[in-house]
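So the structure is just underneath, and the comments pick up after that.
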Amino acid sequence: QVQLVESGGGVVQPGRSLRLSCAASGLTLSNYAMHWVRQAAGKGLEWVATTSFDGDNKFYADSVKGRFTISRDNFKNTLFLQMNSLRGEDTAVYYCARALDTALGSVAYWGQGTLVTVSS
Amino acid sequence: QSVLTQPPSASGTPGQRITISCSGSSSNIGSNYVYWYQQLPGTAPKLLIYKNDQRPSGVPDRFSGSKSGTSASLAISGLRSDDEGDYFCAAWDDSLSVLFGGGTKVTVL
């Protein structure tokens, strides 16, 4: 069974850091570009970051550029999102999602999400 | 990064056909594929349509997608009560980002 399972969410104070993980099972992560997408409560979907299948190319939304880092460990079949200098507006459910293939342009299959709450 | 434009809401009675539009520009919908997602209350988004008009296995043929120029549409025919939820479009933008539509809330009257 193909699964993406996010973990690492929780409550964190403004200015602190958090690292999210996305463990893939039933598929070989290195065959896919990967994305992080977030959704604040009652709001729409917001793209956060994308990494190429090999991790060599990374792209970020302006709202997180310089604060968040997407990375992957294809040997461990795991995607990461390092989030630094967190702000209240980063509060959201964070989803990892895989592309259809190695091409960057598709967001296809999603995990169940992990909630990040930034609050003092 | 801007968003793709969707109507905030759409509704219909059971059995009806409704359509949801998604408007973009030449740098996103006009030059890249469009994807559609269904998000039922309390769940993660689910892929409904990929590459403009393709359905993943398991998605009923009541759902169909189309694209023309810088706009795309999702049609739901034979509307059912369990179709109620939010629907989002997405496309890659040539600025090297993913754009999502603001979402359309579908209500079955």
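What's counted below: heavy atoms across the whole structure, side chains too, no hydrogens, waters or symmetry copies. Chain naming here is simple, since letters A, B, ... match the order of the sequence lines and numbering starts at 1 in each.
With a threshold of 4.5 angstrom between heavy atoms, A:Leu104 approaches chain B through its backbone and through its side chain. Within the 4.5 angstrom heavy-atom criterion, no atom of A:Val48 approaches chain B. B:Tyr35 touches chain A through its side chain: at least one heavy atom from C-beta onward sits under 4.5 Å away, while N, CA, C and O do not.
The environment of NZ in A:Lys58 is crowded: more than 12 heavy-atom neighbours from other residues, nucleotides or ligands sit within 6.0 Å. Heavy atoms from other residues, nucleotides or ligands lying under 6.0 Å from CZ of B:Arg17 number 12 at most.
Between A:Tyr95 and B:Pro45 the shortest side-chain heavy-atom distance falls below 4.5 Å.
The minimum heavy-atom distance between B:Leu47 and A:Val107, with the atom names listed, is CD1-O, 4.2 Å. Taking each heavy atom of A:Thr50 and B:Trp92 in turn, the nearest pair found is OG1-CZ3, 4.3 Å.
For the side-chain contact (heavy atoms from CB on, under 4.5 Å) with B:Ser97, the qualifying choice from A:Tyr60, A:Trp47, A:Phe59 is A:Trp47, the only one to do so.
A:Phe80 and A:Trp36 fall into different hydrophobic clusters, where Ile, Leu, Val, Met, Phe, Trp and Tyr side chains are chained together by heavy-atom contacts under 4.5 Å. Hydrophobic clustering, with ILVMFWY side chains joined whenever heavy atoms are under 4.5 angstrom apart, keeps B:Tyr37 apart from B:Leu40. A:Val12 and A:Tyr94 fall within a single hydrophobic cluster, where Ile, Leu, Val, Met, Phe, Trp and Tyr are joined by side-chain heavy atoms under 4.5 Å apart, directly or via other members. With hydrophobic clusters built from ILVMFWY side chains whose heavy atoms lie under 4.5 angstrom apart, A:Val116 shares a cluster with A:Leu4. Note on A:Val2: it does not cluster hydrophobically with A:Val5, by side-chain heavy-atom contacts below 4.5 Å among ILVMFWY residues.
Rounding to the nearest 0.5 Å gives a distance of 9.5 Å between CD of A:Gln39 and CZ of B:Phe100.
Options A:Gly113, A:Gly111, A:Ala108, A:Gly44 differ in how many heavy-atom pairs under 4.5 Å they form with chain B, and the most are formed by A:Ala108.
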